[in-house]
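Working notes for the structure below.
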Amino acid sequence: MSRSNLLSIARSSLLWNSLAIALSLFAVITLQRPQLEAIANRENNLTPEKLQREEELERIRLQLLQRMPAFGFDNLLANWEMLKFLQYFGDESARNITGYSLVPDYFRIILDRDPRFLTAYTFLGTSGSIYAAKPKETDEIMARGIEQLAPQAPKYSYYAVRNKGINEILFLGDIETAQKTFTKAADWASTYDDPKSQAIAENSRNTANFLASRPSIEKTRVAAWGMVLEQTRDERTQKIAIANIYQLGGEIIQNEEGRLQVVFPSDP
């Protein structure tokens with residue numbers, strides 16, 4: 001086959017692939033438009049009954065989506081559902097009425113379709129355990145995703161492992177498993193040469209050793225809330241972390257570099 005024919009076939013294939021993606025995006029936007037318009041007009045029509053009905057419809061949509069094939073557009077679907085989750089999570093007026101029970105359903109789809117979506121593990125860690133109060137489901141979803149990761153695939157995958165460890169300390173109270181998880185995070189982070197990864201490797205190793213010493217539950221939980229405070233950008237979650245640190249007898253000070261630093265409670 002001549003070079004010109006090969007180029008012609010390549011251009012045709014690229015054209016059809018581009019057209020397929022464009023049609024998929026158009027279909028998604030078209031299907032979602034009625035929902036977006038409904039959300040825009042909902043503030044004037046907000047009632048508990050309507051919100052509960054909307055919540056149930058969204059639950060059914062998510063359950064159906066878990067069983068549907070993505071036809072090769074898994075990453076696109078994961079990104080779209082993350083946007084849907086952020087819209088759901090950010091609607092405080094609705095969540096004050098219906099709660100956050102759908103959080104695990106979103107992340108089953110997001111991380112099943114794209115287990116390398118590292119940012120999703122951070123969002124799941126706080127929203128799944130703190131807001132939805134479903135730490136066991138959160139841990140199971142994280143574990144299933146992490147099984148498909150490797151120390152450098154994707155890059156900095158140790159962040160997902162650390163999030164699982166935090167969940168195990170704070171919400172499952174499984175210190176023995178958390179110790180193993182932070183050891184794994186340290187091993188994965190140590191495969192990188194950059195200073196930040198090396199610092200996280202050392203921090204994770206120190207956390208594992210700290211847990212091995214069987215410290216008081218107060219100190220253990222203060223350490224975990226400190227990690228939540230360090231990594232979250234959500235103001236509500238930050239306030240929850242700070243309140244829990246003080247409730248457990250810890251304190252928060254500002255060091256010479258202007259960063260917040262957690263002070264552990266004194267031994268009795």
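Fair warning: this is a prediction, and the values are worked out from it, not measured in the lab.
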Taking Gln198 for its side chain and Tyr192 for its backbone only, find out whether a donor-acceptor pair lies under 3.5 Å.
yes
Straight-line distance of Asn167 CG to Asp139 CG, nearest 0.5 Å:
5.5 Å
Rounded to the nearest 0.5 Å, what's the gap from CD1 on Ile166 to CE on Met227? Could you check?
5.0 Å
Tell me whether the rings of Tyr131 and Tyr100 are parallel (<30°), tilted (30 to 60°) or perpendicular (>60°).
tilted
Count the heavy atoms of every other residue, nucleotide or ligand shown that sit under 6.0 Å from CG of Asn96, and state whether that count exceeds 12.
yes
Taking every non-hydrogen atom, the tightest pair across Ser190 and Ala201:
N-CB, 3.7 Å
Leu86, Tyr88: one ILVMFWY side-chain cluster at the under-4.5 Å cut-off?
yes
Does the side chain of Arg162 come under 3.5 Å of the side chain of Asn203 through a donor N or O and an acceptor N or O?
yes
CZ/Arg236 to CD/Glu92 distance, rounded to the nearest 0.5 angstrom?
4.0 Å
Checking Thr237 side chain against Thr232 main chain: does a donor-acceptor pair fall under 3.5 Å?
no
Ionic contact status for Arg144 with Glu140, cut-off 4.0 Å
no
What pair of heavy atoms forms the shortest contact from Pro115 to Gly145, and how long is it?
CB-O, 3.7 Å
Closest non-hydrogen contact found for Gln152 with Thr191 is NE2-O, 2.9 Å
Under 3.5 Å: donor-acceptor pair, side chain of Lys134, backbone of Ser101:
yes
More than 12 foreign heavy atoms under 6.0 Å from CD of Gln148: is that the case here?
yes
Would you say that Ile130 contacts Ile240 through its side chain, given a criterion of any heavy-atom pair below 4.5 Å between the two side chains?
yes
Check this for me, if you would: do Arg61 and Glu54 make a salt bridge, where the nitrogen-to-carboxylate-oxygen distance has to be below 4.0 angstrom?
no
Flag the pair Glu81 / Leu65 as yes when at least one side-chain heavy-atom distance between them is below 4.5 Å, and no otherwise.
yes
Side chains of Pro104 and Ile141 in contact at under 4.5 Å (non-hydrogen atoms)
yes
Does the Lys NZ or Arg CZ of Arg205 fall within the cation-pi geometry relative to Phe182 - under 6.0 Å from the ring centre and within 45° of the axis?
no
If every non-hydrogen atom of Val222 is compared with every non-hydrogen atom of Val263, which pair is closest and at what distance?
CG1-O, 4.4 Å
Test ring-ring contact (aromatic ring centres under 6.0 Å, His included) applied to Phe123 and Phe89, step by step:
CA-CA 10 Å; Phe123 280 106; Phe89 185 76; 7.6 Å; no
Nearest-0.5 Å distance that lies between atom CD in Glu168 and atom CG in Asn163:
11.0 Å
Taking all non-hydrogen atoms of both residues into account, name the closest pair between Ser129 and Phe171 and its distance.
CB-CD1, 3.3 Å
Nearest-0.5 Å distance, CD1 of residue Ile217 to CZ of residue Arg214:
11.0 Å
Below 4.5 Å, heavy atoms only, C-beta onward: do Tyr159 and Thr122 meet side chain to side chain?
no
For the student: nearest non-hydrogen atoms of Ile169 and Ala224, plus distance
CG2-CB, 3.8 Å
Please work out which of the three classes, parallel, tilted or perpendicular, describes the rings of Tyr156 and Tyr158, given edges at 30° and 60°.
perpendicular
Minimum side-chain heavy-atom gap Leu248-Lys219 below 4.5 Å:
no
Using side-chain heavy atoms (C-beta onward) and a distance below 4.5 Å, is Ser127 in contact with Phe85?
yes
Evaluate the criterion side-chain contact (heavy atoms from CB on, under 4.5 Å) for residue pair Phe107 and Met82; output intermediate values, then yes/no.
CA-CA 8 Å; Phe107 284 97; Met82 176 58 84; 3.9 Å; yes
How about Pro265 and Glu251: do any of their side-chain heavy atoms sit closer than 4.5 Å?
no
Are the charged groups of Lys239 and Glu235 less than 4.0 angstrom apart, N to O?
yes
Under a 4.0 Å threshold between the charged nitrogen and the carboxylate oxygen, would Glu55 count as salt-bridged to Arg95?
yes
Do Thr181 and Val161 come within less than 4.5 Å of each other through their side chains, counting heavy atoms only?
yes
Please say yes or no: joined through hydrophobic side-chain contacts below 4.5 Å, possibly via intermediate residues, are Tyr121 and Leu172 part of one cluster?
no
Test log, rule side-chain contact (heavy atoms from CB on, under 4.5 Å), inputs Gln66 and Asp112:
CA-CA 9 Å; Gln66 287 177 36; Asp112 281 354; over 6 Å; no
Taking only Lys NZ, Arg NE, NH1 and NH2, and the carboxylate oxygens of Asp or Glu, determine whether Asp105 and Arg108 approach each other closer than 4.0 Å.
yes
Tell me every residue that passes side-chain contact (heavy atoms from CB on, under 4.5 Å) with Ala241, counting only those two or more places apart in sequence or in another chain.
Trp225, Val228, Leu229
Evaluate side-chain contact (heavy atoms from CB on, under 4.5 Å) for Ile146 paired with Lys184, printing each intermediate quantity in order.
CA-CA 11 Å; Ile146 290 170; Lys184 181 176 183 176; 3.9 Å; yes
Reported CD-to-OG distance for the pair Glu202 and Ser197, which is rounded to 0.5 angstrom:
13.0 Å
Determine whether a donor-acceptor pair (N or O, by modelled atom type, separation under 3.5 Å) exists between the side chain of Arg221 and the backbone of Leu170.
yes
Is Met68 linked to Tyr106 within one hydrophobic cluster, defined over Ile, Leu, Val, Met, Phe, Trp and Tyr using a side-chain heavy-atom separation of less than 4.5 Å?
yes
Are the side chain of Thr177 and the backbone N or O of Asp174 linked by a donor-acceptor pair below 3.5 Å?
no
Does Leu76 form a side-chain contact (heavy atoms from CB on, under 4.5 Å) with Trp80? I'd like the steps, not just the answer.
CA-CA 6 Å; Leu76 180 65; Trp80 180 256; 5.7 Å; no
